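Contents: one structure, followed by commentary.
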Amino acid sequence: MNDYVPPKVWTPNKENGGKFASINKPTAGAQFDRDLPVGKHPLQLYSQATPNGQKATIMLEELLEAGHDAEYDAWLIRIGEGDQFGSGFVAVNPNSKIPALMDHATSPPRRVFESGSILLYLAEKFGAFLPTDPAARTETLNWLFWQMGAGPYLGGGFGHFYAYAPNKIEYAIDRFTMEVKRQLDLLDKRLAETRFVAGEDYSIADMAIWPWYGRLITGGAYGDAATFLDAESYKNLHRWQAEVAARPAVQRGIMVNATSGDPSKQLHERHDASDFQTRTQDKL
């Protein structure tokens, strides 16, 4: 039985436990001084290959694949070690979350933070992966912002209480499992109607949703969550997941700033297209 009674005013007077306890604090701002590196390309990305980080690198690789002049430097921010609280990173993203982007093609350089904002910024900058037709554009943005709102229920809700919390709380797991299965059912029903999430064309909506939900249903997130969620039952979602996963730009994008898994699929930093052949962790 849970006999916890919340105090009248909460104070952080004890270790909160869980996988991310060492980097969780109730205050914002820089915790130490550290400048960010700047490479040779106008676009400078500071990130790690979490699902949110993969959105940005997939988009950048898709732009390059499509022939746009979107060369970029990608610098690794090790969030488990607290790199996101350095003064240089906080200047780019005061919220201390990856990914964060600096566009040095503008004067002064322009910061872009939050993954959805980065996707939208790059789509508008290069005129790609976002329809110009008003109805199709609106539908794409509907699904892009759906992911922004839905994602915390999957990650901070279900993922945290199912996989990371120091104690298994039945109410919390049931609450967020119900919501995540509703989300999966929504996507599955949508993808019974359309090839991609926002319609018949691949877009930034797919780039936002795939790293979270594609990874989840194929067993890449939260231990055995795919079995727990009966992910195999969402057939249309699996069809879409496989099609997006087969794209060469997606395969490259998920390697950038990756720090776990097969060393041949980890490219800690990306400064040139040739890095995928010469600078993966198995070659260093």
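These values consider heavy atoms only, across backbone and side chains, with no hydrogens, waters or symmetry-generated copies. Keep in mind that what you see is a predicted model, and the values were worked out from it rather than measured.
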request  = For the pair F161 and F176, name the ring-plane relationship: parallel under 30°, tilted 30 to 60°, perpendicular over 60°.
outcome  = parallel
key: Short side-chain donor-acceptor distance under 3.5 Å, W143 and E139   = yes
Test item: side-chain donor near acceptor, T227 and D224, under 3.5 Å = yes
query = Going through the distances and angles, do V90 and S87 end up as a side-chain contact (heavy atoms from CB on, under 4.5 Å)?
reply = CA-CA 5 Å; V90 172; S87 57; 5.8 Å; no
inquiry  = Check D83 with R34, please: is the shortest side-chain N to carboxylate O separation under 4.0 Å?
reply    = yes
query = Aromatic rings F129 and Y202: how do their planes relate, parallel, tilted or perpendicular, breaks at 30° and 60°?
reply = perpendicular
message = Could you check whether T280 and D282, counting side-chain N and O atoms only, form a donor-acceptor pair closer than 3.5 Å?
response = yes
note = Residues I58 and P211: closest non-hydrogen pair is CD1-CG, 4.1 Å
message = Could you go through S115 and Q54, starting from their C-alpha distance and side-chain angles, then the distance that decides it, and tell me whether this counts as side-chain contact (heavy atoms from CB on, under 4.5 Å)?
response = CA-CA 9 Å; S115 59; Q54 288 174 347; over 6 Å; no
request  = Compute the centroid of each ring, for Y46 and then for F89, and state whether the two points are separated by less than 6.0 Å.
outcome  = no
message = Distance alone, cut at 3.5 Å: any donor-acceptor contact between the side chains of Y121 and D103?
response = yes
task = Compute both the distance and the angle, then confirm whether R270 meets the cation-pi test with F276: under 6.0 Å from the six-membered ring centre, within 45 degrees of the axis.
result = no
request  = Report yes or no: do N257 and Q48 form a side-chain donor-acceptor pair below 3.5 Å?
outcome  = no
ask   = Any side-chain donor-acceptor pair under 3.5 Å between S264 and D262?
value = yes
